[in-house]
Trainee: 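Encoded as structure tokens, here's the structure I'll be asking about.
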Amino acid sequence: MASVMTEADLRARISAFLAEHDPAAAAGGGDADRLAFLRARFDAGLAWVHFPAGLGGLGAGRSLQPVADDAFAEAGAPDNRPGRIGIGLGMAAPTILVHGTDAQRSRFLRPLWTGEEVWCQLFSEPGAGSDLAGLGTRARRDGDDWVLDGQKVWTSMAHVARWAILLARTDPDVPKHAGLSYFVLDMTAPGVEVRPLRQLTGEAEFNEVYLTGARIPDAHRLGDVGDGWKVAQTTLMNERVSIGGGAMPREGGMIGVLAAAWRDNPGVRTPGMHDTVMRLWVRAEAARLTGLRVRQQLAAGAPGPDGSAVKLSFATLSQQISAAELDLLGDEGLRRDSWAMGRPEEVDFTGRDAGYRYLRAKGNSIEGGTSEVLRNIIAERVLGLPAEPRVDTRVAWKDLPR
Amino acid sequence: MASVMTEADLRARISAFLAEHDPAAAAGGGDADRLAFLRARFDAGLAWVHFPAGLGGLGAGRSLQPVADDAFAEAGAPDNRPGRIGIGLGMAAPTILVHGTDAQRSRFLRPLWTGEEVWCQLFSEPGAGSDLAGLGTRARRDGDDWVLDGQKVWTSMAHVARWAILLARTDPDVPKHAGLSYFVLDMTAPGVEVRPLRQLTGEAEFNEVYLTGARIPDAHRLGDVGDGWKVAQTTLMNERVSIGGGAMPREGGMIGVLAAAWRDNPGVRTPGMHDTVMRLWVRAEAARLTGLRVRQQLAAGAPGPDGSAVKLSFATLSQQISAAELDLLGDEGLRRDSWAMGRPEEVDFTGRDAGYRYLRAKGNSIEGGTSEVLRNIIAERVLGLPAEPRVDTRVAWKDLPR
Amino acid sequence: MSDLVLVSSADEQDLRSGVRDMLAAECTGQSVLAFVSSGADAYDAKLWRTVATGMGLAALLVPEAQGGAGAQYRAAAVVAEELGRAVAPVPFLSSAVVATTALGSSASHELLGRLASGELTASLAVPYGLWSAPPLLSAQYGAVTGSVRGVADALGADVLLVPADDGLYAVESAAARRTRIPSLDETRPLCDLELSEAPARLVAPLAAVPRALRVAAVMVAAEQVGVASWCLDTTVAYLKERYQFGRPVGSFQALKHRLADLWVELTQARAVVAYAVADLAAGGDDASVAASLAKIVGSEVAVRAAEECVQMHGGIGFTWEHPAHLYLKRAKATSVAYGSPDRHRARLATLVDLPLEAS
Amino acid sequence: MSDLVLVSSADEQDLRSGVRDMLAAECTGQSVLAFVSSGADAYDAKLWRTVATGMGLAALLVPEAQGGAGAQYRAAAVVAEELGRAVAPVPFLSSAVVATTALGSSASHELLGRLASGELTASLAVPYGLWSAPPLLSAQYGAVTGSVRGVADALGADVLLVPADDGLYAVESAAARRTRIPSLDETRPLCDLELSEAPARLVAPLAAVPRALRVAAVMVAAEQVGVASWCLDTTVAYLKERYQFGRPVGSFQALKHRLADLWVELTQARAVVAYAVADLAAGGDDASVAASLAKIVGSEVAVRAAEECVQMHGGIGFTWEHPAHLYLKRAKATSVAYGSPDRHRARLATLVDLPLEAS
């Protein structure tokens with residue numbers, strides 16, 4: 001079904017909108033001005049243009065979104081701080097759109113997009129990392145509510161989030177994939193406790209979330225009872241697309257940091273390190289060009305599987321490059337800015353000091369799907385290699401060894 | 001049980017023997033003189049001194065063998081051309097010693113050691129490589145004989161061998177490990193056909209052996225019917241010990257070839273290749289020192305598992321080093337001596353030209369147990385990591401998918 | 001440069017299918033094996049007629065004025081990749097790419113028309129591993145004297161293009177003494193050339209050589225992508241059907257992960273080569289960087305894929321009868337052709353201002 | 001050199017057990033974590049008393065004449081390895097190995113006796129990454145002036161050994177301005193030193209420094225073997241008990257193969273370090289080559305083991321609460337200590353006649 005909205009149509013609508021709503025005034029004004037502008041943009045269907053009319057969009061093609069974003073940016077309009085609400089935009093919103101009821105869509109999407117309400121994701125558990133479907137947080141039905149007990153982990157933004165998307169076990173007596181349901185949890189509800197989770201960089205980007213009798217109204221269930229795994233696929237698919245995504249110039253990202261370190265420190269150069277730097281430069285440029293090609297495939301409507309290559313090589317490269325930077329700098333590279341426990345709301349993998357970059361990069365092959373899981377996915381879904389013998393798919397969840 | 005034989009005892013016996021049998025005359029004489037000398041050495045128990053008396057040995061400690069070998073070599077005595085009869089010495093002999101009847105030991109060991117009779121090994125099949133226990137060559141009982149049908153592969157020396165150690169399936173109705181028996185096959189028997197197997201170097205070191213109704217008297221069975229897998233373990237254990245074994249000086253083996261290529265060709269040096277050469281030099285020296293340490297552990301009677309590390313890294317290194325040599329030499333390295341199909345009886349991995357070395361090294365991670373199988377062994381037997389789920393150990397061999 | 005098109009057009013996909021179908025019929029693993037085992041010919045003449053004349057692919061890089069198809073780099077890269085996938089023993093790279101590009105730098109030359117039609121083949125008389133300035137022979141009174149070692153496809157070429165003192169000369173190959181070298185990759189045989197006052201015509205300036213080498217690096221990288229892709233596909237197919245331990249070998253996770261990594265590397269090589277080809281097609285703003293990148297990444301993935309192909313086939317991969325070794329030899333030989341990855345990284349360092357020495 | 005003993009004696013095995021048992025009681029992952037998290041101290045003073053005084057291990061490299069145990073390199077390597085296995089925050093390496101070796105080069109010095117007893121600790125005032133000639137401070141009229149960046153364990157040292165114009169000087173550490181640097185490895189903190197006419201005594205010739213660095217490279221390599229071995233053992237144990245997909249994670253072949261490779265590398269590193277230590281103990285015929293080899297191989301295996309340890313622990317390995325990161329930081333920091341593998345490969349190239357440039 002081809003979209004009827006053309007680029008010219010869209011530009012006309014944006015011009016009209018901007019004529020009525022002064023972007024500069026909104027950007028220069030207070031929070032209320034900013035919010036009013038964003039709400040108006042949403043109501044005009046210019047938020048995510050590929051969403052349906054009435055939900056912040058115009059039912060336009062996905063490829064037109066950059067047109068809108070660029071036009072608003074050029075006009076100096078305030079943005080919705082996408083770095084802060086990435087989980088809402090990238091994971092919760094597409095899931096609510098596909099699996100939510102009309103009431104859920106109307107309630108959640110607008111404040112999600114404007115940034116009034118921050119979202120977080122309560123999927124991973126200490127006992128369920130790569131094997132997400134093995135999770136054990138229980139949701140028991142009680143009247144019109146569900147009562148939650150369990151522990152979630154690796155939750156970024158939980159300490160500022162208003163809402164969470166959450167996966168819980170509603171039936172332990174069936175095989176693990178069949179006993180899950182998907183909910184929206186009010187993070188301000190009683191029985192929800194958020195604790196910072198300090199990571200090896202010293203910072204605490206993430207949280208642990210303890211659920212002790214926390215209640216969720218059944219109206220905040222997304223999808224049918226027992227369909228949680230299916231609903232979560234929508235979330236995870238969108239997560240993978242969003243990681244390692246943006247277009248970059250040559251020497252963008254971590255390789256630019258290493259190249260600068262090389263250029264700025266002629267005194268530490270050696271032939272061996274030169275070889276290392278050049279090998280990494282080539283790999284980084286290859287990865288960058290691959291990303292460029294993936295985006296062209298997407299734009300051409302032929303989304304190949306190459307996106308998984310992008311995420312996998314992003315992790316490997318960021319680790320190798322940050323390690324090489326430390327090797328290059330020698331003991332000067334061991335000097336950190338601080339070990340204090342910060343709580344950053346946005347993460348810059350290339351930021352701070354060389355030690356931070358090296359340590360933070362270790363997370364890139366764990367968060368959002370380990371590199372091992374990604375290799376399994378490539379081997380089985382892309383190359384069509386056979387699965388390993390499975391021992392966990394036909395047994396009731398409660399009877400699995402753990 | 002400590003050996004009573006001391007090094008001094010042994011040296012005295014050797015001196016006495018050499019006084020009676022002129023080593024120089026034997027070495028300088030014809031084949032008959034050579035053979036007479038070797039037979040006498042065997043009969044004096046100075047062949048493999050750790051073998052029992054009467055079977056070429058003195059029941060001495062294994063660590064005394066180098067004393068005997070060195071003494072005979074220093075005296076200029078003829079040797080039994082160990083490179084040509086390696087399979088007999090390294091694999092058949094220990095297996096016959098442990099599992100053979102007295103009659104079998106008496107018949108086979110003496111001409112095996114003197115080199116009168118060359119042995120080969122008929123284990124691998126086209127359908128059973130890493131999964132040796134899955135082999136399909138059938139042995140059916142017929143009176144006092146067994147009748148063999150099947151195909152064996154990767155048989156070095158089959159074209160000159162008089163005898164073969166052979167593993168065949170005597171019962172397809174039980175799980176695969178339980179249905180095997182172990183035989184000695186007369187390679188001159190009717191129904192045994194040997195064809196050269198050309199390999200990617202252009203040479204044919206190996207053979208395929210076709211068995212079509214070939215008969216083996218039951219008296220040439222080693223171990224009980226159905227115990228073939230157990231008997232084969234003795235053979236394979238001895239194979240692994242013998243691969244990658246000998247002591248080497250620094251820059252011995254493949255790394256010496258690469259180092260010489262570096263020193264002899266200043267015109268092709270680059271910083272990048274220098275880094276590669278140095279990395280490999282370090283790895284090769286580390287592997288060499290590891291071999292030295294393994295031999296000290298063996299001599300101290302504490303044979304650690306480090307021997308598997310030696311075989312695995314030998315394969316990896318020989319491949320990387322020979323590849324680096326080609327990279328270093330550029331198009332000059334592409335010049336081969338010849339593609340003619342030779343039939344070498346002894347193999348020198350470091351011989352011929354750079355292209356030969358690169359190609360031949362590819363076999364090092366396949367022959368005598370693939371590197372993948374070796375990694376499984378290290379992971380499970382050394383590190384104690386759990387086995388993968390098995391689907392093939394409780395099913396009758398004939399019902400396995402293949 | 002980010003508006004270069006890195007994905008295939010429908011026409012390019014059609015061309016790919018056409019070439020692949022033809023090769024599936026006329027250039028199988030077994031036929032190449034038979035070609036190499038006999039060691040008799042310099043190239044597969046029948047196959048070359050189909051490629052060059054039948055399908056008109058020798059004309060892709062010949063200017064239209066000389067009867068060619070114009071500088072169709074994107075199409076030529078498709079052909080190079082498919083020929084690599086089949087380790088086809090034909091002089092497409094050496095004659096239709098390298099020699100043709102070198103000649104094409106001259107204003108016009110009647111030789112080009114004959115190369116375009118497939119009537120003649122030519123070979124640039126430089127060592128196969130050349131990546132910088134060529135060794136120059138001596139040219140006097142319309143005759144060339146000297147020797148060149150290890151020239152690709154010169155054995156079967158009708159014309160040699162010889163870099164000499166003041167330009168590139170064309171020499172009838174019959175006027176040269178050619179000695180075939182048993183070469184690691186017998187699908188692209190090397191020979192040594194001796195010229196003794198061989199009659200020669202000046203056909204292009206010496207500047208034609210580096211340009212031809214740049215195009216060669218890109219096209220050989222496309223070929224390497226084809227080599228790698230055959231190796232990956234063949235290994236995956238084999239591991240699906242080969243059973244050991246009661247399971248398809250392809251279900252073992254260690255192999256799966258290595259193949260996943262290989263696929264990632266191949267995906268990246270495709271993108272890098274697509275970029276280098278697109279840049280050439282668009283006029284070559286970034287030609288030096290792109291060519292070196294492509295040659296590095298293509299060489300590495302081809303060698304790795306071929307090595308994994310041999311290893312993962314186990315014993316059968318080590319035999320002469322299985323075609324895997326043809327790919328291993330091609331991959332390793334082309335990895336040093338027109339400059340090894342190491343040489344190209346050194347060049348790249350200068351181009352992108354990451355020098356070893358302080359400036 | 002091949003008659004050097006590369007396996008442990010019974011005495012060495014007893015020493016290893018003794019140190020390991022003590023550390024299991026007094027230096028756990030949780031105690032080191034608490035030490036690092038507080039960031040208050042320069043080293044764990046209580047643990048150091050046990051190591052240095054209680055077990056007498058500070059005396060291992062002190063000559064017998066100065067109240068030490070003689071140059072017991074083999075024993076010192078056992079201790080270094082076990083302290084590495086526990087990422088123990090004590091100045092054994094910097095004081096009992098590096099400073100002691102530097103001082104030991106002088107004929108005799110009363111300081112040595114006090115270092116041997118554990119009464120005092122000392123630190124050689126050179127940058128932690130030093131691998132060639134040290135930066136020299138200025139010495140005049142019995143006082144030293146200048147600064148040194150990034151000195152290991154100087155923060156808690158009583159005495160600084162400062163390389164200056166004409167020799168190595170001893171300075172009371174209170175006479176220096178010391179600034180603690182938040183360092184990647186807080187179990188061996190770095191600080192910057194500023195000396196302004198600090199009273200100083202000449203205690204050894206400058207030649208003491210390269211010798212101390214050579215011994216340091218070997219002993220830090222032993223420590224790295226300990227780091228790697230903790231990482232491998234801990235990962236293997238975790239993967240046996242951690243279930244995902246209804247199976248122990250350690251049954252997944254891709255992880256098994258990576259750990260098998262790591263074990264091979266560790267086995268080799270053990271052999272290389274054993275060789276370097278045995279060579280030192282035997283007088284050091286091959287000391288330069290052996291030290292560089294050990295530092296390269298030890299650094300690489302420690303970093304790889306620690307990186308695999310973090311990765312294979314998944315999320316928990318990325319947290320502050322799990323001790324894996326202590327090993328990652330120690331491994332990475334010691335990989336540049338006393339010269340990175342890259343620097344040592346460059347040195348080795350000269351030593352074994354594999355020069356980059358034509359001679």
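First the proteins, then the strands, lettered A, B, ... as listed; each starts at 1. What you see is a predicted model; the values in this text were computed from it and never measured.
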Trainee: Against chain A, label B:Arg390 side chain, backbone, both or neither, depending on which of its atoms sit under 4.5 Å from a heavy atom there.
Mentor: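 Nothing of B:Arg390, per the 4.5 Å heavy-atom cut-off to chain A.
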Trainee: Determine the minimum heavy-atom distance between A:Asp275 and B:Gly272, stating which atoms define it.
Mentor: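 So the minimum-distance heavy-atom pair works out to OD1-CA, 3.5 Å.
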Trainee: Over all heavy atoms of both residues, which pair between B:Pro271 and A:Pro271 is shortest? Give the atoms and the distance, please.
Mentor: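 Distance-wise, the nearest heavy atoms are CB-CB, 3.9 Å.
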Trainee: Which bit of B:Thr276 comes within less than 4.5 Å of chain A, counting heavy atoms only: side chain, backbone, both or neither?
Mentor: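 For B:Thr276, side-chain heavy atoms alone lie under 4.5 Å from chain A.
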Trainee: Does atom NZ of A:Lys398 have more than 12 heavy-atom neighbours, drawn from other residues, nucleotides or ligands, at distances under 6.0 Å?
Mentor: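 Yes, NZ of A:Lys398 has more than 12 neighbouring heavy atoms, counting only those of other groups under 6.0 Å.
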